[in-house]
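Along the sequence shown, the residues carry numbers beginning at 1.
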Amino acid sequence: MSEFAAVDVIRAKRDGAVLSDAQIDWVVDAYTRGVVADEQMSALAMAILLRGMTPAEIARWTAAMIASGERLDLSSVTRPTADKHSTGGVGDKITLPLTPLVAACGAAVPQLSGRGLGHTGGTLDKLESIPGWRASISNDEFKRQLQDVGAVICAAGDGLAPADRKLYALRDVTGTVEAIPLIASSIMSKKIAEGTGALVLDVKVGSGAFMKDLATARELASTMVRLGQDSGVNTIALLTDMNTPLGLAVGNALEVTESVEVLAGGGPADVVELTLALAREMLAAAGIEADPAKVLESGAAMDTWRAMIRAQGGDPDATLPVARETEVLRAEADGIVGAVDAYGIGVAAWRLGAGRARKEDPVSFGAGVLLKVKPGDAVRAGDVLLELRADDPARIPAARATAAEAVVIGSTQPSSTNLVLDRIA
Ligand code: URA
């Protein structure tokens, strides 16, 4: 591989040049090996954020990140594989009911997930609230479970796209997370390396999401769809609303409980709607004809959930952790709920202990927010709007202030918005 000086690559991007394949291969590899220093990669990431990248540069950058580690070979799995990735939202527990549902419809679902940082929760944190459940499994266990149960949700091993692991941590502290080429290559390098045949992206749009507006979310979605399709992964994206939290529960164990309600045939309408919409897309992308609504109703998805939790040491019948303190927030006047702001509720849940400020922090499994109202609901003065749960009472006052601001009560019905805003294929 040819050698470059990092400073020349930085200068080239700073001045708006298109990086060559050789420059990209070198800089990603050299950074992973520690030859390019963090401060140099920080400068390059900022230049990429400000100058952008061409589709060819993004494709090459993604390929270089994949090449930094191993690529899983799922050819031993006999069912078609289909995965889903969400760009992250508040109350977004959809992976939990969706993975066993799609598996119960005949697909194999390899879900490599992460932990939460900031106001959005992580799937692994939610599942770790189930006593005994293990997030880390070996590649062999992963493939065996995928074949036998059809559903695995686990931590991505260290071997998968190590360049991304290092770069993501750096972007997090250098104000460069928001660059579309870097987000798209980060997500897609892991998904392509994971070996799935089909992929459905749930790109969140709104106050509680990374992408605050539809135009930016569309650009991110089409960049990722193109990367997937060009790598032989049948990829489509749904753009979905994240101005309001999904469902009524925000917080780790609270979200597991709500997911189990969905698997049992109940649960909030929006969680059921999005689970079914994503399931239909995953099944179509994997070439499987099945009606997920019927499979959900049959109880087969619940059976797969139980098998999936047990396979990783968890007890699906165990009592989940409950936070020690509960405080309610009540309406001060009669009116109609105009908004329950996803970002505000996400921050409140995080302040209550459901999320972490630094990646090594523990989370409180029982902490979080239960919504008692959604936009459009009529309320009377004194009605409960939110329930706040925390283990540490000292966390409640700051969370309470944020949560109170998140619920807007007015006198008119808010305009209704669709949950699924667009589809990009
Ligand atoms: N999630 C990722 O995995 N990478 C990003 O860059 C942003 C969100």
Side-chain angles (χ1 to χ4, degrees), residues 83-86 88-105 109 111 113-116 120-133 135 149-154 200 202 204 208 240 242 244-279 282 292-293 295-312 314-323 342 345-346 349 354-355 363 365-371 374 387 389 419:
D83 192 8
K84 185 261 328 189
H85 178 84
S86 157
V90 177
D92 184 4
K93 73 278 296 171
I94 302 293
T95 294
L96 273 48
L98 179 67
T99 302
L101 172 59
V102 173
C105 292
V109 188
Q111 251 300 327
S113 299
R115 293 195 163 73
T120 62
T123 298
L124 300 181
D125 296 322
K126 296 171 201 197
L127 286 170
E128 277 174 343
S129 69
I130 302 173
W133 188 84
V149 181
V152 189
I153 305 175
C154 65
V200 175
D202 180 5
K204 301 281 182 206
T240 70
M242 190 26 76
T244 307
L246 268 170
L248 299 171
V250 181
N252 303 300
L254 301 173
E255 294 191 40
V256 172
T257 302
E258 188 167 272
S259 303
V260 172
E261 282 165 21
V262 170
L263 289 163
D270 56 348
V271 178
V272 176
E273 180 189 339
L274 189 54
T275 302
L276 291 177
L278 290 165
M282 287 168 76
V295 174
L296 185 60
E297 212 180 283
S298 74
M302 177 68 101
D303 294 342
T304 305
W305 160 264
R306 295 173 63 82
M308 175 181 91
I309 296 302
R310 266 204 209 98
Q312 286 165 251
D315 174 1
D317 298 312
T319 307
L320 299 179
V322 178
I345 298 293
V363 297
F365 291 126
V369 180
L370 285 174
L371 276 56
K374 291 281 260 198
E387 211 175 284
R389 304 266 183 101
L419 190 51

(request) Please lay out, stage by stage, how Asp317 and Arg306 fare under the test side chain to side chain contact (heavy atoms under 4.5 Å, CB included). (result) CA-CA 9 Å; Asp317 298 312; Arg306 295 173 63 82; 2.9 Å; yes
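Closest approach of Val272 to Gly266, counting heavy atoms only: CG2-O, 3.5 Å. What you find for Pro292 and Leu101 is that their closest heavy atoms are O-CD1, 3.5 Å. In terms of heavy atoms, Ala323 sits closest to Gly366 at CB-O, 3.6 Å. Across all their heavy atoms, Ala103 and Thr304 have their closest contact at CB-CG2, 3.9 Å. Ala367 and Ala354 make their closest contact through O-CB, 3.6 Å (heavy atoms, listed as atom of the first residue, atom of the second, distance). Of all heavy-atom pairs between Val262 and Gly267, the closest is CG2-CA, 3.9 Å.
Here Leu98 contributes atom CG and Asp202 contributes atom CG; the two are 9.5 Å apart, rounded to the nearest 0.5 Å. Summarising the geometry, atom CG belonging to Asn252 is positioned 10.5 Å from atom CG belonging to Leu320; distances are rounded to the nearest 0.5 Å. Taking NZ from Lys84 and CG from Leu278, the interatomic distance works out to 6.0 Å, rounded to the nearest 0.5 Å. Considering CG of Leu276 and CG of Leu296, their distance stands at 6.0 Å, rounded to 0.5 Å.
Looking at Ser129, its side chain never comes within 3.5 Å of a backbone N or O of Asp125 through a donor-acceptor pair. The backbone N or O of Ile153 lies less than 3.5 Å from a partner atom in the side chain of Gln312, making a donor-acceptor pair. Counting only distance, with no hydrogens or angles, the side chain of Glu258 and the backbone of Leu248 share a donor-acceptor pair below 3.5 Å. Here the side chain of Lys93 pairs no donor or acceptor atom with the backbone of Gly251 at under 3.5 angstrom. Here the side chain of Gln111 pairs no donor or acceptor atom with the backbone of Ala151 at under 3.5 angstrom.
Proximity of Met282 to Val109: side-chain heavy atoms (C-beta onward) are separated by under 4.5 Å at one or more points. Annotation: side chain of Ile94 is in contact with side chain of Val271 (closest heavy-atom distance under 4.5 Å). No side-chain heavy atom of Asp92 sits less than 4.5 Å from a side-chain heavy atom of Glu255. Two residues are said to be in side-chain contact when any heavy atoms from C-beta on lie closer than 4.5 Å; Lys374 and Asp270 meet this criterion. A 4.5 Å side-chain heavy-atom check between Ile309 and Leu127 finds at least one atom pair inside the cut-off. In this structure the side chain of Ile130 never reaches within 4.5 angstrom of the side chain of Lys126, judged on heavy atoms.
Residues Lys204 and Ser86 have side chains that never bring a donor and an acceptor to within less than 3.5 angstrom of each other.
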